[in-house]
Amino acid sequence: MNKVTQLMELNTKWLTECTCTLRSTATQGVLGDGNANAEIIFIGEAPGAREDKEGQPFVGAAGKFLAEMLADIKMTREDVYITNIVKYRPPENRDPTTAEIDACSEWLAEEIKIVDPTLVVLLGRHAMNHFFPDKKISLEHGVVSVASLFGKRQYFLPLYHPAAALYNGSLRTVLKEDFKKIPRILKNITKENPCARP
Ligand code: URA
């Protein structure tokens, strides 16, 4: 079965089975989007108002900024896969709770296993702390780390969240500079592991 079909089946299953309490207030589940065969998966926090309305991740102001940074490295949304740790919008865009993150975590895990990316880019502290609970985004942004994920060696790149950097001049500059490291990082990973991707 190809990855697109696997993701469709996964989403059908979790849209009915997910126990996240945010389902009662959200308009709909916001599913992962983009290229199922991508080398890079971007993982954000949770849908905002626009995403909740349209059912697609990162389509609001933060999404526009993400698309801009992708264009800077000669990529588009269609080249990458984009998702969130939480699939339903928290009311008033508050931070997701641990229970809400936990309720969606198996869904996310299965999504990552299907896409099987070369690089996992973690957007913001919530996404980063889901995988690395003790790390601080102010220290780890732009720094690649390798960790075991589902029994496999996985490369991670934490970045500041585009929404946090959007209206903060200095964070914006840092995020844009970190983002530009992505092509070199991908190249180096492939060099280190020539058999990692077909
Ligand atoms: N912020 C996120 O973390 N995810 C989205 O989908 C939109 C904004």
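Remember, predicted model here, so these are calculated numbers, not experimental data. Whatever order the structure lists them in is the order used to number ligands and atoms, beginning at 1.
Heavy-atom proximity to Gly44, at under 4.0 Å, picks out these atoms of ligand 1: 3 (O). Distances below 4.0 Å separate heavy atoms of Pro57 from the following atoms of ligand 1: 6 (O). Residue contact check: Glu45 has heavy atoms under 4.0 Å from atoms 2 (C), 3 (O) of ligand 1. Ligand 1 places these atoms under 4.0 Å from at least one heavy atom of His161: 1 (N), 2 (C), 3 (O).
The main-chain N or O of Thr16 is found under 3.5 Å from a side-chain atom of Arg23 such that the two form a donor-acceptor pair.
Within the 4.0 Å heavy-atom criterion, the part of Glu51 lying near ligand 1 is the side chain and not the backbone.
No side-chain donor from either of Asp102 and Ser105 sits under 3.5 Å from a side-chain acceptor of the other.
Of the polar atoms of Gly48, none of the N or O atoms is found under 3.5 Å from an N or O of ligand 1, judged by distance alone.
Annotation: Phe179 is not in aromatic contact with Phe65 [ring centroid separation under 6.0 Å not met]. The aromatic ring centres of Phe156 and His141 sit 6.0 Å or more apart.
Nearest heavy-atom pair across Leu108 and Lys87 is CD1-NZ, 4.0 Å. Pairing each heavy atom of Ala61 with each of Leu166, the nearest pair is CB-CD2, 3.6 Å.
Ligand 1 lies nowhere less than 4.0 angstrom from a heavy atom belonging to His126.
Among all protein heavy atoms, the one lying closest to atom 4 (N) of ligand 1 is Asn84 OD1, 2.8 Å. Counting only heavy atoms of the protein, atom 5 (C) of ligand 1 lies nearest to Ala46 O, 3.5 Å.
Look at Glu110 and Lys113 and you find no salt bridge, because none of the NZ, NE, NH1 or NH2 atoms lies under 4.0 Å from a carboxylate O.
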